[in-house]
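Throughout, numbering of the chain's residues begins at 1 and tracks the sequence.
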Amino acid sequence: MTVSEPQSFERHQNEAPSQGIPPVVGRQKLCGRAFYESIGSPKKILAPMVDQSEFAWRLLTRSFMPSDSDSRESLLAYTPMLHARLFGQTSSYRDNHFQATRMTLPSPPDPYHQSQFPNSDIYLDGNPAIDRPLFVQFCANSPDELLSAAQYVQPFCDAVDLNLGCPQGIAKKGRYGAFLQEDWGLIYKLINRLHNELMVPITAKIRVLETKEQTLEYANMVLSAGASILTVHGRTREQKGHNTGLADWSKIRYLRENLPPETVIFANGNILRGEDIDHCLEATGADGVMSAEGNLCDPTIFATPPAQEEEGREYWRGRDGKGGFRMDAVMRRYMDILYKFVLEIPPPIRRPLFLPSDVVETHTEAFNQIDGGDQDQRPSKKMRFDERPAKCSSPNLLAMKAHLFSLLRPLVSKHTNIRDALAKCRAGDLAAYEDVLTMVENATKEGLLKYEAQSGEPPPPPAGDGRTFEESPDIPTPALVARPWWVCQPYVRPLPKEAYQKGSMTLSKKEKARLQREYENRATGGREVVDPVPLSGASNGGLVNDREAHRH
């Protein structure tokens, strides 16, 4: 039996260029739509996420795309957000966050950028055979620091992106991300400096402002500074955590209709399922659609479901025709990527994934003939303990636990023993994660057998069945996208009103005062009070219509 591995990168060694990455010097620099077309005009984009869009996760997401070269390039991916000052000044930060070569990126970088890179030195991030197109995202508030950091990565990426959308408290404290949006002069300098001096294009990711007109003016400034692509997150800076609410696609549509037609726009927000991508493209007129949280919970979100009768062992389809990729299959792919590319060792030989149609005796006999036993080939516990790394610094291994908790959320909610085992895993201890994988496979087998044993009507249909919130107003948000717990599925944040009702959000003094003023205005004949739940950034004030937008 051959080792199972993601289909779309199994030929990577044969596809790698014989001369390594071409030098940046002398390469023609394209900008705007010409640049976008040069990388294949991708419509599906894996978002930059802090410590969560690292190489292994990008490759896992890419592995579910069709294997032909044209289709593979239809997915554009971003690195995690990197801190420009730390990246430019600290070699250990570079080594631990961007592993494009096996050696430390030298300082100053300019002479190094003019050399050829032999294949033996090419490693993970930006590998031209398996990790392109790739944009590297930085946060910064100094043009000099941003340029210095960008010069390190320009041979290994297609563009550098400036983060102008991070709404978290650490961004406010460090004065970067969305907390630069009041300082347009500085934003202009950051983008324009790289536009003029960097050898690859500069792009930017912003959040919408309070009004469409303000957002348009903001976008025009960013583009005038030299940004080749504008990514627009349809939420305001205040929409985060329990107050995330819904992204406002109408503001992105307004930008599309009022910016020059050659402007390349990516839309971000409200992407929970694969079907939402086409809905967003139609509603916004954007060139591409970016997914962040939806991808973390379901890395197959960009994939096209297999045809009927061609599901294989990785994809489950129910009696109603709906389905999704199995969690045990996705976790297997993820683990094999880490073995093969990060650790550069052969993955364990695994038995085929279980299907209810398997005849137990035949399945076991076939496996025994292949590997000589009824257990996966893994090291002994003593050997695994002795070889366990004392400290792990690889970003790909450090991110494993967070990724698996997102991926397995519905499964570990039901099987708390798996949740507990996953919580005890240490970074770099692949043996412990293998044990979790075995538990996930057994739980999936249990779920499949129980489903097959059911008689009568099938369970409630999964997402995409065509129901609207108006047709099912009493169904809570998560129920409308529910799939069987062994199938990859999105996590749906409760809308603010639902969060208030559950007690997970409380009104601030400022919001209470605002609602009191609106009540008094209504009582005295003033403007009508709005629904007593702050839905900043929503396209309208009615919750029922806003909830329908969750499907889009």
Under the ring-ring contact (aromatic ring centres under 6.0 Å, His included) rule, collect the residues that match up with [X], sequence neighbours excluded.
| X | value |
| --- | --- |
| Tyr78 | Phe135 |
| Tyr93 | His97 |
| Tyr433 | none |

Using only atom types and a distance under 3.5 Å, with no angle test, would you say the side chain of [X] pairs donor to acceptor with the backbone of [Y]?
| X | Y | value |
| --- | --- | --- |
| Tyr36 | Asp287 | yes |
| Asp336 | Pro347 | no |
| Lys29 | His195 | yes |
| Ser148 | Glu145 | no |
| Lys251 | Glu210 | yes |
| Asn192 | Tyr188 | no |
| Arg326 | Arg313 | yes |
| Arg132 | Asp158 | no |
| Arg85 | Ala140 | no |

Counterpart residues, salt bridge (Lys or Arg N to Asp or Glu O under 4.0 Å), relative to [X] (two or more places apart):
| X | answer |
| --- | --- |
| Glu310 | none |
| Glu262 | none |
| Arg237 | Glu182 |

Practice problem: Please report the C-alpha distance between Val153 and Phe87 in whole Å, then the side-chain angles of each, then the deciding distance to 0.1 Å, and finally whether the side chain to side chain contact (heavy atoms under 4.5 Å, CB included) criterion is met. | Solution: CA-CA 10 Å; Val153 303; Phe87 195 94; 3.5 Å; yes
Considering all heavy atoms of both residues, which atom of [X] and which atom of [Y] are nearest to each other, and what is their separation?
| X | Y | answer |
| --- | --- | --- |
| Arg33 | Pro261 | NH2-O, 3.7 Å |
| Leu75 | Ile45 | CD1-N, 4.2 Å |
| Leu30 | Phe35 | O-CB, 3.5 Å |
| Cys392 | Leu398 | O-CD2, 3.6 Å |
| Ala283 | Arg253 | O-CD, 3.1 Å |

Is the shortest side-chain heavy-atom distance between [X] and [Y] below 4.5 Å?
| X | Y | result |
| --- | --- | --- |
| Leu353 | Glu314 | yes |
| Phe341 | Leu124 | yes |
| Arg409 | Gln489 | no |
| Phe98 | Phe156 | yes |
| Leu338 | Leu343 | no |
| Arg235 | Asn270 | yes |
| Leu190 | Pro143 | yes |
| Lys43 | Ile277 | no |

Contacts of [X] that satisfy side chain to side chain contact (heavy atoms under 4.5 Å, CB included) - sequence neighbours left out:
| X | value |
| --- | --- |
| Ser393 | Asn96 |
| Ala171 | Cys166, Tyr176, Phe179 |
| Asp183 | Arg175, Leu186 |

Under 6.0 Å from the [atom1] atom of [X], do we count more than 12 heavy atoms belonging to anything else shown?
| X | atom1 | result |
| --- | --- | --- |
| Lys189 | NZ | no |
| Glu213 | CD | yes |
| Gln214 | CD | yes |

Quiz prompt | Salt-bridge criterion met for Glu257 and Lys212 (N-O under 4.0 Å) | solution =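 The answer is no: the pair does not qualify as a salt bridge.
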Quiz item: Taking 4.0 angstrom as the limit, do Arg62 and Asp131 come out as a salt bridge?
Solution: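 Yes, Arg62 and Asp131 are salt-bridged.
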Distance in Å, [X] [atom1] paired with [Y] [atom2], rounded so as to fall on 0.5 Å steps:
| X | Y | atom1 | atom2 | answer |
| --- | --- | --- | --- | --- |
| Asp298 | Phe64 | CG | CZ | 8.5 Å |
| Ile301 | Leu296 | CD1 | CG | 10.0 Å |
| Leu46 | Thr61 | CG | OG1 | 5.0 Å |
| Tyr334 | Leu437 | OH | CG | 12.5 Å |
| Arg94 | Thr104 | CZ | OG1 | 8.0 Å |
| Cys488 | Asp328 | SG | CG | 9.0 Å |

Practice problem: Determine, step by step, whether Met400 and Met335 satisfy the side chain to side chain contact (heavy atoms under 4.5 Å, CB included) criterion, reporting the C-alpha distance in whole Å, the side-chain angles of both residues, the deciding distance to 0.1 Å, and the verdict. | Solution: CA-CA 9 Å; Met400 287 183 66; Met335 295 288 292; 3.8 Å; yes
Mind listing the side-chain donor-acceptor pairs of residues 199-209 below 3.5 Å, one per line with the distance, residues two or more places apart or on another chain?
residue	atom	partner	partner atom	Å
Thr203	OG1	Asp161	OD1	2.6
Lys205	NZ	Asn268	OD1	3.2
Arg207	NE	Gly165	O	2.8
Arg207	NH1	Thr236	O	2.8
Arg207	NH1	Gln239	O	3.2

Would you list the atom pairs, donor with acceptor, under 3.5 Å between side chains in residues 224-231 and any protein atom, with sequence neighbours excluded?
residue	atom	partner	partner atom	Å
Ser224	OG	Asn220	O	3.3
Ser224	OG	Met221	O	2.7
Ser228	OG	Gly32	N	3.1

Exercise. Please assess Leu216 against Leu255 for the test side chain to side chain contact (heavy atoms under 4.5 Å, CB included), listing each intermediate value before the final yes or no.
Key: CA-CA 6 Å; Leu216 176 61; Leu255 295 182; 3.9 Å; yes
Exercise. Determine whether the side chains of Thr101 and Asp121 contain a donor N or O and an acceptor N or O closer than 3.5 Å.
Key: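 No.
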Quiz item: Could you give all pairs that pass the side-chain hydrogen bond (donor to acceptor under 3.5 Å, both in side chains) test and reach residues 48-57, with sequence neighbours left out?
Solution: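 Passing the test, one end in residues 48-57: Glu54-His403, Trp57-Asn295.
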